[in-house]
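Remarks on the structure that follows.
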Amino acid sequence: MGNLASTYWARGKLEAAEQLEEEVLGVRREVLGERHPSTLTSMANLASTYRACGKLEAAEQLEEEVLGVRREGLGEHHPDTLTSMANLASTYWARGKLEAAEQLEEEVLGIRREVLGERHPSTLTSMANLACTYRAVESWRQLSSWKRRACGKLEAAEQLEEEVLGVRREVLGECHPSTLTSMANLASTYRACGKLEAAEQLEEEVLGVRREVLGERHPDTLTFHGQPCTYLLGLWKAGGS
């Protein structure tokens, strides 16, 4: 049942996946108990499906349960605990609870840096996620008219994204999808800070590689096509992103 639910998920049949995952969770809770690893896995899977279906409150409730049990049973540094923290942070993010997401992501990054090292893929993913949250928090604060410096969290985001990009360029190469994503993310932060020339340079690099590797009609190429940062200068001066 669990395998079929995963297949339904992969095919975009989320309602069918949700129904199966609820059945699996019900049986595992009854037979194995609330704290069994398989039950926790089922809870986490169902929470991911709830999140994908937009049932964010239900996802949050399940993920908080899973994280509580894993923290208590496995400890703060266990990979499963860290995964649960990252998943819950994603749900907080989707629900607009950006400060709660930021706090969790900072915890995850701190532990992964300590345990896995600065260059591990999971550490880099955590850095990229936290940078994205910093950027969102700053945008929200500006929209809410909070009296902060224009680039408060953005400077922290920029520093993290530059680190991630440097390592990915060195380890994965210039044309790897993860490297290109890091370049695009950093360009967004540069743009938000008004560093339009630096943003333009990165976006032109990304566009060039994607045109060459993916072709002119690929969705990722079209995202950048015709949108180097200078074309957005007028929007930025008028208060756009």
Side-chain angles (χ1 to χ4, degrees), residues 1-71 73-74 78-98 100-101 104-105 108 112 121-122 124-126 128-133 135-136 168 172 176-182 184-185 188 206 210 213-225:
M1 290 172 74
N3 290 341
L4 180 56
S6 297
T7 302
Y8 281 154
W9 219 105
R11 296 197 65 194
K13 298 181 175 183
L14 296 180
E15 289 185 4
E18 178 184 332
Q19 184 177 338
L20 268 183
E21 287 170 345
E22 286 176 339
E23 287 184 55
V24 172
L25 177 56
V27 173
R28 283 182 169 168
R29 272 178 163 155
E30 182 181 342
V31 174
L32 301 175
E34 197 74 44
R35 303 172 70 87
H36 191 279
S38 296
T39 305
L40 295 173
T41 297
S42 293
M43 292 169 71
N45 290 342
L46 179 56
S48 295
T49 301
Y50 281 156
R51 187 168 61 243
C53 288
K55 299 180 177 181
L56 299 179
E57 189 173 347
E60 179 181 328
Q61 183 178 337
L62 276 178
E63 287 169 343
E64 285 177 341
E65 285 185 60
V66 173
L67 177 56
V69 175
R70 283 179 169 167
R71 267 179 164 155
L74 302 175
H78 193 280
D80 289 346
T81 306
L82 294 173
T83 297
S84 294
M85 291 168 72
N87 289 343
L88 180 56
S90 295
T91 300
Y92 283 155
W93 214 103
R95 295 200 70 192
K97 298 181 175 182
L98 296 179
L104 271 181
E105 288 171 344
V108 173
R112 283 180 168 165
S122 296
L124 294 173
T125 296
S126 293
N129 289 344
L130 181 56
C132 185
T133 300
R135 191 165 59 240
R168 284 180 169 168
L172 302 175
H176 192 278
S178 296
T179 306
L180 294 173
T181 297
S182 294
N185 289 343
S188 294
V206 173
R210 285 179 170 166
V213 175
L214 301 176
E216 196 74 46
R217 302 172 68 86
H218 191 279
D220 289 345
T221 306
L222 294 173
T223 298
F224 276 82
H225 184 67

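All residue numbers refer to positions in the sequence shown, counting from 1.
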Worksheet item: Does Thr39 reach the main-chain N or O of Gly33 with its side chain, forming a donor-acceptor pair under 3.5 Å?
Response: yes
Item to complete: Work out which heavy atom in Val108 is nearest to a heavy atom in Ser126; give both atom names and the distance.
Response: CG1-OG, 3.5 Å
Response to the item:
Only one of Glu60, Glu64, Glu63 passes salt bridge (Lys or Arg N to Asp or Glu O under 4.0 Å) with Arg95, and that residue is Glu60
Worksheet entry | Over 12 foreign heavy atoms within 6.0 Å of CD, Glu57 | no
Practice prompt. Verify the neighbour count for atom CD of Glu65: are there more than 12 heavy atoms of other residues, nucleotides or ligands below 6.0 Å?
Written response: yes
Worksheet item: Any side-chain donor-acceptor pair under 3.5 Å between Ser178 and Arg168?
Response: no
Worksheet entry | Spatial distance of atom CG (Leu40) from atom CG (Leu62) [nearest 0.5 Å] | 10.5 Å
Discussion item. Could you measure the distance from the CG atom of Leu67 to the CG atom of Asn87? Nearest 0.5 Å is fine.
Written reply: 9.5 Å
Worksheet item: At what distance, to the nearest 0.5 angstrom, does CG of Leu88 lie from OG1 of Thr83?
Response: 12.5 Å
Item to complete: To the nearest 0.5 Å, tell me how far Tyr92 OH sits from Leu98 CG.
Response: 12.5 Å
Worksheet item: Taking C-beta and beyond as the side chain, do Met43 and Arg29 meet within less than 4.5 Å on heavy atoms?
Response: yes
Worksheet item: If you take all heavy atoms of Ala59 and Arg51, which pair is closest and at what distance?
Response: CB-N, 3.9 Å
Discussion item. To check you understand the geometry: which heavy-atom pair defines the closest contact between Val66 and Ala44, and what is its length?
Written reply: CG2-N, 4.1 Å
